[in-house]
Amino acid sequence: MDAKTYNAQLAELRALRDNIKKTQATLAKLETDRARQITALAGYEKAKAERIAPAAGLSLADIVAIAPILAPDQLTNPAPAAPTGTAVTPPEPARETAPPSGPEPAQEQVPSRAGTVAPPMTRPAPEPAAEPKPPAAPSTPPSAPAPAASAPPAAQAAQRTLPGIPEGPEGNRWFTHTTNLASTHPNFTQQARSTVFLDTHTGVLVHRDQTFRIDLPTASAAEILNTVFHVLPGGVERIYITAGAPWHRQADQHPFLKDTVAAWLNAPTPGWRTDTGRGKDRLAGHFVHPRNPVGRYQREHGEQHVEIRSAGEWFDTDGAEPAIIRDAFVLLWKALRRHWPDAVLMGSPSQTGRDLWTRTIPTKGQYADGYPVLSEELRGLFHATAGQGRTELITPPRVPAQLPALVEYDRTFAYAKHTWKSGVGTPRRVTAATFASWSQKEQTKALFACGHWHVRVTVSDNWTHIGILPAPAPGDRAWHYPATPGTTFTTWAGGPEIHTALSNPHTPWKIEILDGILFDDGKPLDDWSKKLKEAWSSLTAQADLNGDPDQRTAAHLAARAVRALLLYGIGAFAQRPRTVTGTTPRTMERDVPPDAEIIGFDDQTITWQRPTGFTRDPNAHPEWAAHIWSSARAALLTQRHRDDNTYAGALHAPPGTVVAFRTDAVYLTQPQPWPHHGQPGDYLNKGHLPGPIPAPTTEDELLTLRDKGRAAPTPEGA
């Protein structure tokens, strides 16, 4: 083969690649449509997997994996074998023993130099309440698990096995910190960015106290940049899109929303190029996100840098005018300045929240040199084994096919409840043998400290309620919550959730400790969180008391932004391995990185992504995020209200009445007398939709019912 033939066949191979990509996109869309149709059919009360399978061209197991409600009764959930561990049992079941509290949603990823960071996923710590009763002596292993209608065999085979810590010296080597990497108090002041607010639908542009109307026929990135800079020749550095979502305008031309956004970001921008970053908060390249993308641009011949961002990163704008959103950012900045004289609003709540936290790091005392970052091995373990918020839809027959009502309870500013304690210092390994050698008092103390535990869990034989502990489900980052009596599984969990399993208000589960990571208790987030809570309280009061409707709305949005600062700031601590997205001209195809996956292309540009692993991030503390998430998930099940001498949470609702969980919200079939005083962590009744209502079988159906419930008037006494 000569060079000419070689190059010709390479060109043919590229053409085949392009055709395969297009065909795969079409196939993926068809498969998505098929799954949606199967889910809709499953809502029919007489639907049977045996009839749907041949119509769909799938196996019974595939049908049940898509629509679990169609699972035949004879499917069982075998108990997996696991390493030997030390069993921990609770005391005599107390009638109302509450565990630590808990979670919220996850984080935005921060892009690296080369481009876009793929979205990660991301919860907190117990409340300093009265010391609960300690676990008692180890129990004997339970009898074999009873048959359970659970996931189909195909799904069981694909069940993820979570990683563990290697035995011996290799595993012990993980228990250290990364050399010369620590979170320290910054020695510089962030620079404010000149910002405008733009509604691309109406063309209203707000800059400081000025309002303009501009014409944006296509609302392309190039058109937005050139029009804004024509109106404001002095230039701006950040453009917040408040409404119009211009990156979605050609959604009908792409199979997936992310492809639509990538095409909008990567479209030609004459006179501009993709930004390569600058300054101490250097971020480069575009961030491809289906709803809140970030476009970063730089003048081709000049020093002007500008970002196009979505105001939806901070809060749901809910149709507010650009001037009101501008006022919300001003109120937010003023509220933060009362606590941080050098506070600056950066592009996203994730960046801003973590920057504000660094300014609370002590410059004197034990941690004057900063908070060291864990070894990369332990950070990787937390990434793989610490999930974020609980998202679960419980379908018939576990709930009635016709719900008597759908009642939504949402935990107010939930994560702020769980930041008072976090793990600090060099972590210690606690093996099963070490844990077994401890006294009952030492075991109890360890489980109430900041730790992350590898455990074998057995659901109690007479259990009739929802699942408590997360277990790895099929999929890259999926979790589910086994609740079938006798089911045994192996997982990782934080102390708050383990305490809930041991001392829940119904009957204790069996927990065996296989391995563990234990930290000293510290308060690295407490000062930061208290300041944010004070800012949130002040803005919430303004939203309640201000006589001007526009200013009330602005204060309400600003309070939501404070929530985002804490929520996404915590998510940023998780530091997921990054996936960088980049683009290469078709004429320079050889420059595509050899380890990259091509995810899109057009006639001019190839879009690719590649993993870059963990960076040397001095503010990476996944152990803090994991503890907060664990506490938040636990509080979603049970939390004590000491002032009211009562408990709230899903486990305090009758069995069979819990319909769904969504991060810090629980959906029930009947109202509950849970107290709400407007404090972080309180359960707020946000919606009540009277029944009878067909039980939702998909997330879309649940969200539709949720929105109707929020719009409906709350019944008397609910």
Side-chain angles (χ1 to χ4, degrees), residues 101-108 122-125 240 291-292 310-318 320 324-325 327-340 343 345-357 360 388-390 408-420 525-544 552-574 624-625 628-629 631-633 635-636 662-666 676-684 686 710:
S101 292
E104 290 199 31
Q107 120 209 17
E108 161 198 299
T122 49
R123 276 69 269 193
Y240 275 122
R291 293 176 306 280
N292 298 315
S310 169
E313 292 181 81
W314 292 84
F315 41 69
D316 183 353
T317 58
D318 200 23
I324 294 176
I325 293 173
D327 290 346
F329 276 86
V330 172
L331 288 174
L332 171 65
W333 176 75
K334 288 180 177 178
L336 296 175
R337 279 275 170 146
R338 296 189 187 102
H339 304 284
W340 287 276
L345 298 183
M346 302 172 70
S348 71
S350 170
Q351 297 166 252
T352 309
R354 203 160 62 160
D355 177 71
L356 293 175
W357 170 73
T360 65
Q388 198 177 319
R390 179 169 181 166
E408 177 188 10
Y409 285 94
D410 185 76
R411 296 188 65 230
T412 300
F413 202 13
Y415 280 3
K417 177 80 171 179
H418 311 293
T419 52
W420 67 276
L525 305 177
D526 194 43
D527 185 34
W528 173 68
S529 177
K530 284 179 178 176
K531 290 178 176 179
L532 290 178
K533 282 186 279 190
E534 289 176 17
W536 173 79
S537 297
S538 170
L539 290 166
T540 300
Q542 289 185 55
D544 291 338
R552 280 204 304 270
T553 299
H556 170 72
L557 295 178
R560 297 294 292 173
V562 174
R563 175 186 178 276
L565 288 174
L566 187 124
L567 175 65
Y568 293 115
I570 289 168
F573 287 124
W624 298 349
I628 291 172
W629 297 336
S631 299
R633 289 193 300 268
L636 203 57
R662 281 184 59 79
T663 308
D664 50 359
V666 60
H676 184 269
H677 304 299
Q679 296 302 308
D682 286 358
Y683 280 88
L684 172 65
K686 291 189 70 173
R710 289 181 178 180

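Because the structure is predicted, anything quoted here is derived from the model rather than measured.
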S.K.: So, Ser348 and Gln351: side-chain donor and acceptor under 3.5 Å apart, yes or no?
M.R.: yes
S.K.: Checking ring-ring contact (aromatic ring centres under 6.0 Å, His included) between Trp357 and each of Trp340, Phe573, Tyr568, which is the one that passes?
M.R.: Phe573
S.K.: Crowded around Lys533 NZ? As in, over 12 foreign heavy atoms under 6.0 Å?
M.R.: yes
S.K.: Partners of Phe329 by ring-ring contact (aromatic ring centres under 6.0 Å, His included), sequence neighbours excluded?
M.R.: Phe197, Tyr240, Trp314, Phe315
S.K.: Taking all heavy atoms of Ala554 and all of Ala328, pick out the closest pair and write down the distance.
M.R.: O-CB, 3.4 Å
S.K.: Could you measure the distance from the OG1 atom of Thr540 to the CZ atom of Arg563? Nearest 0.5 Å is fine.
M.R.: 11.5 Å
S.K.: Looking only at heavy atoms, which two atoms of Glu313 and Gly347 are closest? And how far apart?
M.R.: OE2-O, 4.1 Å
S.K.: Any heavy-atom pair between the side chains of Met346 and Asp355 that's under 4.5 Å?
M.R.: yes
S.K.: Over all heavy atoms of both residues, which pair between Arg710 and Lys686 is shortest? Give the atoms and the distance, please.
M.R.: CG-O, 3.5 Å
S.K.: Any heavy-atom pair between the side chains of Leu331 and Gln542 that's under 4.5 Å?
M.R.: yes
S.K.: Kindly compute the distance separating CG (Asp526) from OG1 (Thr360), expressed to the nearest 0.5 Å.
M.R.: 9.5 Å
S.K.: Are side-chain heavy atoms of Leu532 and Leu336 found at a separation under 4.5 Å?
M.R.: yes
S.K.: State, to 0.1 Å, how close Ala665 and Glu408 come at their nearest heavy-atom pair, and which atoms those are.
M.R.: CB-OE2, 4.5 Å
S.K.: If I take atom CG from residue Asp410 and atom CG from residue Leu684, how far apart are they, to the nearest 0.5 angstrom?
M.R.: 6.5 Å
S.K.: Do His676 and Tyr683 touch side chain to side chain, with heavy atoms closer than 4.5 Å?
M.R.: no
S.K.: Can you give me the closest heavy-atom contact between Ala555 and Leu539, atom names plus distance?
M.R.: CB-O, 3.7 Å
S.K.: State whether Lys417 and Asp664 are salt-bridged, where the test is any N-O pair (Lys NZ or Arg NE/NH1/NH2 against Asp/Glu carboxylate O) under 4.0 Å.
M.R.: no
S.K.: Between CZ of Arg338 and CD of Glu534, what distance do you get to the nearest 0.5 Å?
M.R.: 11.0 Å
S.K.: Do Asp682 and Arg411 come close enough that some side-chain heavy atom pair is under 4.5 Å?
M.R.: no
S.K.: Have a look at Pro349 and tell me which of Leu566, Leu565, Leu567 forms a side-chain contact (heavy atoms from CB on, under 4.5 Å) with it.
M.R.: Leu565
S.K.: How close do Ala625 and Ile570 get, counting heavy atoms only, and between which atoms?
M.R.: CB-O, 3.6 Å
S.K.: Ignoring hydrogens and angles, tell me if any N or O in the side chain of Arg337 forms a donor-acceptor pair with the backbone of Ala343 under 3.5 Å.
M.R.: yes
S.K.: How far does NE2 of His339 sit from OG of Ser538, to the nearest 0.5 angstrom?
M.R.: 7.0 Å
S.K.: Between Arg552 and Asp544, is there a donor-acceptor pair closer than 3.5 Å when you use the side chain of the first and the backbone of the second?
M.R.: no
